[in-house]
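Here's the structure we're looking at; comments come further down.
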Amino acid sequence: QVQLVESGGGLVQAGGSLRLSCAASGRTFSRYETGWYRQAPGKEREFVARISWSGGSTYYADSVKGRFTISRDTAKNAVYLQMNSLKPEDTAIYYCKATMYTDGKGYWGQGTQVTVSS
C-alpha cells in the first residue's frame, strides 16, 4: 500500500505560478512511476504529466507543455509539479498517482485544489 498526499494548491491570478507537491509513504521501497492528473468541474479526469522512478523520462499533456515541469526527489519520496503561466482553464483539482512497476497497480492521492482567476 502506498499513501499519497498532495499539497501546494491555492488561488492564483492568471499568469502566476504554483508548485504542487506529492508526498508518498508506505510501500516506498518499491519503485513506481508518478503522474499528475486534474479534474475540472463537470469534466473527466485528464492526464497532465508523468515521471519515471529515475526521473529520466517525463511526459506532458500538450495543454501544459512548456508551462509545467514535473520533477522528483526519490530520496524524499516526493514528486513536484511546477506550474507557470497559469491560465483559468488550469483550474481543477490536481491528483497525483503512483503506478507500481511490479504489478501496475495504481494509487491515488485525495487531490489539491488549484484555482486560477482571470
Side-chain angles (χ1 to χ4, degrees):
Q1 186 73 253
V2 175
Q3 293 81 46
L4 303 175
V5 179
E6 302 95 333
S7 62
L11 175 64
V12 64
Q13 292 191 63
S17 299
L18 284 173
R19 185 173 185 254
L20 306 184
S21 298
C22 176
S25 62
R27 195 175 176 177
T28 54
F29 52 85
S30 296
R31 292 180 287 181
Y32 51 88
E33 177 185 88
T34 305
W36 284 97
Y37 296 76
R38 66 188 183 187
Q39 187 167 23
K43 295 186 177 181
E44 295 183 357
R45 192 170 298 185
E46 65 177 357
F47 167 80
V48 176
R50 69 171 183 263
I51 188 168
S52 63
W53 174 262
S54 67
S57 298
T58 59
Y59 301 90
Y60 299 90
D62 288 341
S63 60
V64 306
K65 195 173 298 181
R67 299 187 297 121
F68 291 9
T69 302
I70 188 170
S71 62
R72 79 183 309 154
D73 186 334
T74 304
K76 294 183 177 181
N77 293 316
V79 175
Y80 309 97
L81 185 68
Q82 178 66 46
M83 306 185 295
N84 298 326
S85 302
L86 284 163
K87 305 174 181 179
E89 50 262 46
D90 294 319
T91 295
I93 300 175
Y94 283 71
Y95 301 88
C96 62
K97 178 189 178 183
T99 303
M100 309 302 294
Y101 287 122
T102 53
D103 59 5
K105 186 172 178 61
Y107 299 89
W108 292 90
Q110 67 175 16
T112 185
Q113 177 72 47
V114 172
T115 303
V116 184
S117 62
S118 59

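Because the structure is a prediction, the values reported are computed rather than measured.
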* Restricting to pairs with a member in residues 47-58, which pass salt bridge (Lys or Arg N to Asp or Glu O under 4.0 Å), not counting sequence neighbours? -> Glu33-Arg50

* Structure fact -> Smallest heavy-atom separation, Ala92 atom then Ala40 atom, equals CB-N, 3.8 Å

* To do: Using the side chain to side chain contact (heavy atoms under 4.5 Å, CB included) rule, take Arg45 and Trp108 through it: C-alpha gap first, then chi angles, then the decisive distance, then the call.
  => CA-CA 12 Å; Arg45 192 170 298 185; Trp108 292 90; 3.2 Å; yes

* Any link between Leu81 and Val12 through a network of hydrophobic side chains (Ile, Leu, Val, Met, Phe, Trp, Tyr) touching at under 4.5 Å? -> yes

* To do: Going by the side-chain contact (heavy atoms from CB on, under 4.5 Å) test, name the single residue among Thr112, Thr115, Asn84, Val114 that passes it with Leu18.
  => Val114

* Asked: Does Met83 belong to the same Ile/Leu/Val/Met/Phe/Trp/Tyr cluster as Leu11, with side-chain heavy atoms less than 4.5 Å apart forming each link?
  -> no

* **Criterion side chain to side chain contact (heavy atoms under 4.5 Å, CB included) on Tyr95 and Leu4, from CA distance to verdict** => CA-CA 9 Å; Tyr95 301 88; Leu4 303 175; over 6 Å; no

* Identify the heavy atoms of Leu20 and Gly9 that sit nearest to each other, and give their distance. => CD2-N, 3.6 Å

* Asked: To the nearest 0.5 Å, how far apart are OG1 in Thr91 and CD in Gln113?
  -> 7.5 Å

* To do: Report the distance from atom CG of Leu86 to atom CD of Gln13, rounding to the nearest 0.5 Å.
  => 11.5 Å

* disulfide bond (SG atoms under 2.5 Å apart) pairs, two or more places apart, involving residues 78-118 -> Cys22-Cys96

* To the nearest 0.5 angstrom, please state how far the CZ atom of Phe68 sits from the OG atom of Ser63. => 7.5 Å

* Structure fact -> The reported gap from OG in Ser57 to CD1 in Ile70 (rounded to nearest 0.5 angstrom) is 11.5 Å

* To do: Working to the nearest 0.5 Å, report the span between OG of Ser21 and NZ of Lys76.
  => 10.0 Å

* What pairs with Tyr80 under ring pair (Phe, Tyr, Trp, His ring centres under 6.0 Å), at least two apart in sequence or on another chain? -> none

* Minimal non-hydrogen separation, Val79 against Trp36, with atom names -> CG1-NE1, 3.7 Å

* Asked: Are the side chain of Arg67 and the backbone N or O of Ser85 linked by a donor-acceptor pair below 3.5 Å?
  -> yes

* Under 4.0 Å between a Lys/Arg side-chain N and an Asp/Glu carboxylate O for Lys87 and Asp90? -> no

* To do: State, with a plain yes or no, whether a side-chain heavy atom of Val5 is found less than 4.5 Å away from one of Gln3.
  => no

* Structure fact -> Nearest heavy-atom approach of Val2 to Ala24 is CG1-CB, 4.3 Å

* Structure fact -> For Ser118 and Ala14 the tightest heavy-atom approach is CA-CB, 4.4 Å

* To do: Say whether Tyr60 and Phe47 are linked into one hydrophobic cluster, either directly or through other cluster members, by side-chain heavy-atom distances under 4.5 angstrom.
  => no

* Asked: Roughly how far, to the nearest 0.5 Å, is OH of Tyr32 from OH of Tyr107?
  -> 11.5 Å

* Check Gln39, Arg38, Glu6 against Tyr94 for a side-chain hydrogen bond (donor to acceptor under 3.5 Å, both in side chains) and give me the one that passes. => Arg38

